[in-house]
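Here the structure comes first, spelled out in structure tokens, and everything after it is commentary.
Naming: A, B, ... by sequence-line order, numbering from 1 per chain.
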Amino acid sequence: MTELSHLPATPRTGLRRWYRGRPALPAKRVQFDQPLLPWLFLMPQLAVIFVFFYWPSAQAISSSFYLEDPFGFGATFVGLENYGAALGSGEYRKIAGFTALFTLLVTVFSLGLGLLFAVKADKIIRGRATYRTALISVYAIAPPVAGLMGMMLFDQHIGPFVTLAGWFGWNMQVGIDYWDTAFALVLVSVWKQVPYNFIFFLSGLQGIPASVREAALIDCRNGLTRFRTAILLLLAPTAFFLLIINITYALFDTFAVIDVMVKDKPANNPITLVYKVYSDGFRGNDIGGSAAQSVILMVVVLILTLVQFRWLERRVHYG
Amino acid sequence: MNRTNLIDHAVLILATLFMVLPVLVAIMTSTHTAVDIHSNGLFLTPAGHGAETYAAVLTRQGGFTGQVTGTRMMINSLILGVGFAVGKIVLSMLAAYALVYFRFRLATVMFWIIFTTLLLPLEVRIMPSYQVMSELGLLNSYTGLIVPLLASATGTFYFRQFFKSVPDELLEAARIDGAGPFKFLIDVLIPLSKTMMAAIFIIMFVYGWNQYLWPMLMTTDERFFTLMRGIKQILQVWVGSQIPDYNEAFALAVLALAPPVLVVVVFQRWFIKGLTESDK
Amino acid sequence: MASIQITNLSKTYPGASGPSVADINLSIRDGEFIVLVGPSGCGKSTLLRMVAGLEDITGGEIHIGDRLVNRVDPADRDIAMVFQNYALYPHMTVRENMAYGLKNRKTPAAEIEARVAEAARMLELRPYLDRKPRALSGGQRQRVAMGRAVVRQPAAFLFDEPLSNLDAKLRVSMRGEIRRLQKRLGTTSLYVTHDQLEAMTLADRLVVLNGGRIEQIGAPLDIYHRPASTFVASFIGAPAMNLLDAEIAGGTLRLGTVEIARIATAAQGPVSLGIRAEDLSIATQGLPFRLDFIEELGAQRLVHGHVEGQPLTLSLSPDIAISDQMHLAIRPGALHLFDTNTGKRLSLPESERQQIHAPA
């Protein structure tokens, strides 16, 4: 889970306002007027943030301009060379391409399934709580555990999925064949993320007032059209919020799934950009290059978040 | 009407199978012997070898230096989960209190300084974070495990939303009743936030317990290994063995997933409320 | 117990184009019940909250007793406040809610106990002392909020629309209760409401606010009978006073083609003519009235129609026969004249107004 995945459902404050550059209004009509006390309360959080967020972030930016000696004998300023090296390499571009595809697939499928399950669970009255519990429980499973379980299910030797694929003449070789591994990664990542989307879609659906449903029932005969024109529109804020969460999930949180499933053999296996940052930095000892990739990722995340907030927000109906 | 209902149920049953079967397989298979699994594959039925496998995983000293048991790893995971959740609640509650209930210069700037941390997950700054930790000498310590994870605004965001939903008049009444900032926080706001704190605790506990990348980098000393780190470990031992310890891997997976899953299932109501409710 | 002196008080919110409250001068006697009334956004709550110390003061002074309180913390102003949504602490029992303010002031426990018991007896809250607010009805919560104010024995009570969350019936009975309590305790009270009926029935003196300024101060009946402006005329009293476009020409007040009264004034040109609904009656000759519809209220009926193309409402006893076309007479001395541009009352000596009953 990334930080964003814990944001509450309606992106009504915070990011949105930040992006539009509006000043934050005072949160309360009446506030305490002590000049020093709030600093006392803020100090612990600020200290942690400065030491463990701003300092490392600044370090990432600064070391991305240096070439560090792998044996620890100082560093040379190389300007944008690290960026050039990263963006210029065919391998990097291939990984970026896979990351995009992977993100797209994971986002589409986990959102789609989450929505489907939520719509069905919302319709049903008897047994709703049981289904809900069953579908939610997986939320709490850690990505590496999901990866481990996926690995077993796709094991060359004992994995039922491999047997199943064999019946259709598919010689599935997860961990060896690039696209077979990619398939397994997507499936496990989607499996892990569906509960999250389900929770939000279900609570979004249950938040739709009965009067609106009834109005839609009167105005529109066809169930599917009704769903598309009325219910989906009202779910748009939730879906929009989840879209960002799912993209961040696919980009970052799947790290553990990948790390477990490719078993330290990233050479001919599909990996994402975050994995490459990690493996270049910690395995390859290419600190400058890894830092440059970090910064590229940071920029991507920032642009993604901000563009989505502006671009999609206009098309989303906030009721 | 009846037919649609049937389809709905069918979809949900398939969904449930899709979600729950892998977990069930993990639990069931962990009660078989490694040889059994090696020759017969995965199981959906229990066998009688659960006790010995779990006992072995929990008590046998594994790893490279033979210092870490499954129990130790569970305790470490628990420390990480609880420590993270408590730390998060304390830090973010105080910060949110300052942001919502005080008028002070730079309040807006502070708001942005804190909330910008929402934009960049730990994963993108993992390398420099590691360097900072090693400069501070915090590698292989609980502080090093927990505190850097606190460097984000999620909890602050929650509490801020919650505090904003508390009626303004409550503070006004309390001020007329002679309550200062500390009294108001302790006498009114904290008792009011109990449910919210419980919900955040659950979410953050799961988040802390499930951490993978950070503990993996931070801990080279096996005494600080968490269960997630143990999973990595068991896979590394795996390579090259004749018959991998499938059963133990599954047992470890079950130990790693059981506590957070139980917490979420048992406290479902609070958990969902905390996750989905931003303002009332 | 104390008087409250408000001098040249004004409030401008940061970033606002104009003041929310301006030029307020108000002198409240010890034990007086003052009601601030006006439409929403007129600044009445802001004014009250400045007295409470919940809003900063931009200009002017507030004295409670002999003490200048501009920079005094709300807790130290010796006031108690009753909020619209009651603002009870949801996690405390009724007893704890009432005792909290006293506890923070280090009142001895025995004293707290005695005062809470007394307030509970007075407000009939004794059976509920150990309940939490959510287990109480709206009226009971309202009483707890009052109890919290009463136990403090403050110099002044401040009420911020305390009854507007109650249903109509309860509102009437609580209104009486507040009045009774205030009379009994004799505590200076400042009460904000947008409900003119509540204002009329409660107040020793009314303060009518409009756009952040005082329109008129006076006893309820004085204001009712001599509204200082068209705003007050239309705001106080139900149904609202009829306001008609009229004209003074050559010492005669005309409504369209109808001559209403002779007025000994040099003034010429358009005026606003105000007539209360109960000051009109059916006559054989006079204002030609065309009926639109009737609202039955039981004890009386409100008759809506037009005079000279302008809407007019009169209040009649239900036993009076009504037809579609009627003539109306105005009770002598019941004419109110206002400047068309400023809305201010034009005061004319009573003797110089002479009604004309001549037909049109």
Kindly say whether Arg29(A) contributes a backbone atom to a donor-acceptor pair with the side chain of Asp168(B) at under 3.5 angstrom?
yes

Is it the case that the side chain of Arg125(B) and the backbone of Ser294(A) share a donor-acceptor pair, with hydrogens and angles ignored and the cut-off at 3.5 Å?
no

If we count only N and O atoms by modelled type, under 3.5 Å, do the side chains of Gln211(B) and Thr226(B) hold a donor and an acceptor together?
no

Gln293(A), part contacting chain B, at a heavy-atom distance under 4.5 Å:
neither

With a 4.5 Å cut-off on heavy-atom pairs, point out which of Leu150(B), Leu213(B), Leu99(B) contacts chain A the most.
Leu213(B)

So, Phe267(B) versus Phe271(B), ring centres under 6.0 angstrom or not?
no

For Val138(A), which atoms come within 4.5 Å of any heavy atom of chain B: side chain, backbone, both, or neither?
side chain

Aromatic ring proximity Phe250(B)/Tyr246(B), centre distance under 6.0 Å
no

So does Phe200(A) get a backbone contact from the side chain of Thr238(A), meaning a donor-acceptor N/O pair under 3.5 Å?
no

Looking only at Leu252(B), Leu217(B), Ile202(B), most heavy-atom pairs under 4.5 Å shared with chain A are made by Leu217(B)

Below 4.5 Å from any heavy atom of chain A, which atoms of Met110(B) appear? Answer side chain, backbone, both or neither.
side chain

Engaged part of Ile114(B) at the chain A interface, taking heavy atoms whose separation is under 4.5 Å:
both

Hey, can you tell me if Tyr212(B) and Phe255(A) have their rings parallel, tilted or perpendicular (30° and 60° cut-offs)?
tilted

So, the part of Val145(A) with a heavy atom under 4.5 Å from chain B: the answer is both

If you measure only the distance, is there a donor-acceptor pair under 3.5 Å linking the side chains of Arg103(B) and Gln34(A)?
no

Sort Ala26(B) into side chain, backbone, both or neither according to what part of it lies under 4.5 angstrom from a heavy atom of chain A.
side chain

With a 4.5 angstrom heavy-atom cut-off, is it the side chain or the backbone of Ser290(A) that approaches chain B, or both, or neither?
side chain

Working to the nearest 0.5 angstrom, can you tell me the gap between Phe111(B) CZ and Leu106(B) CG?
14.5 Å

Scored by heavy-atom pairs under 4.5 Å with chain B, the best of Thr130(A), Ile199(A), Val277(A), Thr163(A) is Ile199(A)

With respect to chain B, which residue among Val274(A), Ile136(A), Val295(A) yields the maximal number of heavy-atom pairs within a distance under 4.5 Å?
Ile136(A)

Chain A contact via Arg105(B) - side chain, backbone, both or neither, heavy atoms under 4.5 Å
backbone

For the backbone of Pro148(B) and the side chain of Trp214(B), can you confirm whether one donor and one acceptor N or O come within less than 3.5 Å of each other?
no

Answer with side chain, backbone, both or neither: which region of Leu136(B) has an atom nearer than 4.5 Å to a non-hydrogen atom of chain A?
side chain

Per-residue contact mode, Leu202(A) against chain B (heavy atom under 4.5 angstrom)
neither

Tell me if the centroids of the rings in Tyr158(B) and Phe162(B) come within less than 6.0 Å of each other.
no

Largest heavy-atom contact set with chain A, pairs under 4.5 Å, which of Pro259(B), Ala107(B), Ala96(B), Ala15(B)
Ala15(B)

Structural part of Met93(B) lying under 4.5 Å from a heavy atom of chain A
neither

Pair count under 4.5 Å, heavy atoms only, with chain B: among Trp39(A), Phe117(A), Phe282(A), highest is Phe282(A)

Val264(B) portion near chain A, given a 4.5 angstrom heavy-atom threshold
side chain

Taking Leu262(B), Val261(B), Asn40(B), Ile37(B) one by one, which has the highest count of heavy-atom pairs under 4.5 Å against chain A?
Val261(B)

One should read off an interatomic distance between Asn5(B) CG and Lys120(A) NZ, to the nearest 0.5 angstrom, of 10.0 Å

Hey, would you say the Phe50(A) and Trp55(A) ring centroids sit under 6.0 Å apart?
no

Heavy-atom distances under 4.5 Å only: say whether Val166(B) touches chain A with side chain, backbone, both or neither.
both

Heavy-atom distances under 4.5 Å only: say whether Leu113(A) touches chain B with side chain, backbone, both or neither.
side chain

Test: Lys232(B) and Asp259(A) ion pair at under 4.0 Å:
yes

When the 4.5 angstrom heavy-atom criterion is applied to Leu273(A) and chain B, the contacting part is neither

Per-residue contact mode, Phe198(A) against chain B (heavy atom under 4.5 angstrom):
neither

Between Ile124(A), Leu36(A), Asp33(A), Leu251(A), which shows the greatest number of heavy-atom pairs under 4.5 Å with chain B?
Ile124(A)

Parallel, tilted or perpendicular for Trp209(B) and Phe205(B), by the 30°/60° rule?
tilted

Cut-off 4.5 Å, heavy atoms of chain A, and the answer for Ile13(B) is both

Select one option (side chain, backbone, both, neither) describing which atoms of Phe18(B) are under 4.5 Å from chain A's heavy atoms.
both

Cut-off 4.5 Å, heavy atoms of chain A, and the answer for Leu138(B) is side chain

When the 4.5 angstrom heavy-atom criterion is applied to Ala291(A) and chain B, the contacting part is neither

How far apart are the C-alpha atoms of Tyr97(B) and Phe41(A), what are their side-chain angles, what is the distance that settles it, and do they pass the ring-ring contact (aromatic ring centres under 6.0 Å, His included) test?
CA-CA 7 Å; Tyr97(B) 184 52; Phe41(A) 289 128; 5.2 Å; yes

Report which part of Ser92(B) has an atom under 4.5 Å of a heavy atom belonging to chain A: side chain, backbone, both, or neither.
both

Val51(A) portion near chain B, given a 4.5 angstrom heavy-atom threshold
both

How about Tyr101(B) and Phe184(B): are their ring centroids closer than 6.0 Å?
yes

Of all of Gln45(A), Gln59(A), Arg132(A), Met298(A), which one pairs up most often with chain B through heavy atoms under 4.5 Å apart?
Gln45(A)

What about Tyr249(A) and Tyr196(A), are their ring centers closer than 6.0 Å?
no

Identify which of Leu171(B), Ile113(B), Leu185(B) forms the greatest number of heavy-atom pairs closer than 4.5 Å to chain A.
Ile113(B)

Counting only non-hydrogen atoms closer than 4.5 Å, does Ile231(B) touch chain A with its backbone (N, CA, C, O), its side chain (CB onward), both, or neither?
side chain

Residue part contacting chain B, namely of Leu116(A), when any heavy atom lies under 4.5 Å
side chain

Looking only at the side chains, is there a donor atom on one of Lys192(A) and Thr254(A) sitting less than 3.5 Å from an acceptor on the other?
no

